[in-house]
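Contents: one structure, followed by commentary.
All of these numbers come straight from a predicted model, not from anything done at the bench. Residue numbers count from 1 along this sequence.
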Amino acid sequence: MPKARKEKEMANVKKKKSVKKNSNYQKTYKYVTIDQLCRKTLCDFRNMEPPRAEYGEKPEVDQNLYDTAVELCCVAGAITKEEKTEVFDGKNHHPMTDEEVSEFTDIPLHQVQKNLFAFKIKTSDDYARASMIKLALCDLVATMIQNAKDEGRDVTEEEQRMAVGYINFCSFIGLISDEQSSLLYFPIKQNQPIELPMIASVTGLDVETLQKMLE
């Protein structure tokens, strides 16, 4: 191989490595608040392609995941009731523009377009807010189980699907671990109440604090 050609090929290899390195380096995540992450994820859910029957995707499953995500975020205060009605109710698979997502989430447009987000607890306020959203999740699931008990029946399949939707959303955004997801799902399947120690292990709040909140 001629020397000039060999040097050119070596230069191209180095260039490719350099480009690859730079490309990876640019994929930095934007840290946002947990509420911003919830709002952005709801927008992503709304923007998803409709379910495809050829891949075994079921419309009712898709709609349940969307509806439960929106309801949880409303109960947890990540979105208001007005925002739930105006932005999400009946609008599954009605795409939002990047500009609309940016305005709704208060995330800069260029970051929305990069679409690389993560949540990190940096302050005590961040920790408290994350705990409150997890508490809202536990409350929704616990109330569902308690209502069934009060009515003298087991949790229905529809209620189980709703509970799975709430749990999946929090797992999807990284708010709870797989182990915590299982902890919450087990009582639903067994029609057992969710005790305070379990809620404490999920939320990070101690039992004494939880008891005071219930008083």
Side-chain angles (χ1 to χ4, degrees), residues 15-52 55 57-59 61-137 140 162 164-178 180-181 203-204:
K15 184 179 180 181
K16 287 179 181 179
K17 286 183 178 179
S18 177
V19 169
K20 185 177 181 181
K21 182 178 180 181
N22 289 339
S23 177
N24 288 338
Y25 178 76
Q26 291 170 1
K27 289 184 179 180
T28 53
Y29 282 79
K30 168 70 174 178
Y31 287 108
V32 294
T33 68
I34 187 61
D35 287 295
Q36 285 178 309
L37 184 58
C38 286
R39 292 165 76 88
K40 174 62 171 61
T41 304
L42 289 184
C43 295
D44 290 343
F45 276 26
R46 177 177 155 174
N47 285 4
M48 284 182 181
E49 293 289 331
R52 293 167 292 183
Y55 291 108
E57 297 171 350
K58 299 180 179 180
V61 173
D62 170 87
Q63 190 63 45
N64 175 69
L65 292 175
Y66 177 82
D67 289 340
T68 51
V70 172
E71 182 182 2
L72 171 62
C73 287
C74 185
V75 171
I79 62 173
T80 65
K81 291 182 179 179
E82 291 74 20
E83 289 172 331
K84 176 180 180 294
T85 300
E86 296 173 8
V87 183
F88 296 105
D89 284 352
K91 295 183 179 179
N92 192 12
H93 306 305
H94 291 212
M96 301 172 69
T97 65
D98 288 343
E99 288 77 12
E100 288 173 329
V101 173
S102 175
E103 182 179 357
F104 181 73
T105 61
D106 199 28
I107 297 172
L109 179 59
H110 71 279
Q111 291 292 348
V112 168
Q113 291 169 336
K114 285 183 179 180
N115 203 30
L116 294 169
F117 299 100
F119 167 67
K120 179 187 290 186
I121 293 177
K122 297 180 179 180
T123 67
S124 58
D125 288 342
D126 291 336
Y127 183 87
R129 185 65 189 119
S131 295
M132 288 301 100
I133 294 176
K134 288 187 282 189
L135 184 59
L137 164 66
L140 282 168
M162 290 173 63
V164 168
Y166 301 138
I167 295 168
N168 281 357
F169 179 82
C170 288
S171 178
F172 181 77
I173 64 174
L175 194 57
I176 61 174
S177 65
D178 290 342
Q180 290 172 326
S181 297
T203 62

How long is the straight-line distance from [atom2] of [Y] back to [atom1] of [X], given to the nearest 0.5 Å?
X	Y	atom1	atom2	answer
I167	D178	CD1	CG	11.5 Å
Y166	L65	OH	CG	11.5 Å
Q113	E99	CD	CD	6.5 Å
C73	F88	SG	CZ	8.0 Å
I121	R129	CD1	CZ	12.5 Å
F117	I107	CZ	CD1	4.5 Å

**OP:** Would you check, one step at a time, whether the test side chain to side chain contact (heavy atoms under 4.5 Å, CB included) holds for I173 with F119?
**Re:** CA-CA 8 Å; I173 64 174; F119 167 67; over 6 Å; no

Answer yes or no: is there a donor N or O on one side and an acceptor on the other, between the side chain of [X] and the main chain of [Y], under 3.5 Å?
X	Y	value
T41	L37	yes
T105	V101	yes
Q36	T33	yes

Which heavy atom of [X] sits nearest a heavy atom of [Y], and at what distance?
X	Y	answer
Q180	L175	OE1-O, 4.4 Å
C38	I133	SG-CD1, 4.2 Å
K134	I176	CD-CG2, 3.7 Å
D35	A78	OD1-CA, 3.4 Å
I34	A130	CG2-N, 4.4 Å
S131	T203	OG-O, 3.0 Å

Subject >> With D44 via salt bridge (charged side-chain N to carboxylate O under 4.0 Å, His left out) - residues at least two apart >> reply: K40

Subject >> Which residues share a salt bridge (charged side-chain N to carboxylate O under 4.0 Å, His left out) with E71, sequence neighbours left out >> reply: none

Original post:
Is there a side-chain contact between M48 and Y66 (heavy atoms, below 4.5 Å)?
Top reply: no

**OP:** Inspect the surroundings of NZ in K91 and state if more than 12 heavy atoms from other residues, nucleotides or ligands are less than 6.0 Å away.
**Re:** yes

**OP:** For the pair D62 and H93, evaluate side chain to side chain contact (heavy atoms under 4.5 Å, CB included) and give the outcome as yes or no after the intermediate values.
**Re:** CA-CA 10 Å; D62 170 87; H93 306 305; 2.7 Å; yes

Subject >> Worked verdict on M132 versus L135 for side chain to side chain contact (heavy atoms under 4.5 Å, CB included) >> reply: CA-CA 5 Å; M132 288 301 100; L135 184 59; 4.1 Å; yes

**OP:** Could you point out which residue of V87, V75, I79 forms a side chain to side chain contact (heavy atoms under 4.5 Å, CB included) with V70?
**Re:** I79

Original post:
Which of these passes salt bridge (charged side-chain N to carboxylate O under 4.0 Å, His left out) with D89: K81, K84, R46?
Top reply: K84

Subject >> Qualifying residue for salt bridge (charged side-chain N to carboxylate O under 4.0 Å, His left out) with R39, from E103, E83, E100 >> reply: E83

**OP:** Check the pair F169, T68 against side chain to side chain contact (heavy atoms under 4.5 Å, CB included), reporting the backbone distance first and the verdict last.
**Re:** CA-CA 8 Å; F169 179 82; T68 51; over 6 Å; no

**OP:** Please list, chain by chain and in numerical order, all residues satisfying ring-ring contact (aromatic ring centres under 6.0 Å, His included) with Y127, sequence neighbours excluded.
**Re:** none

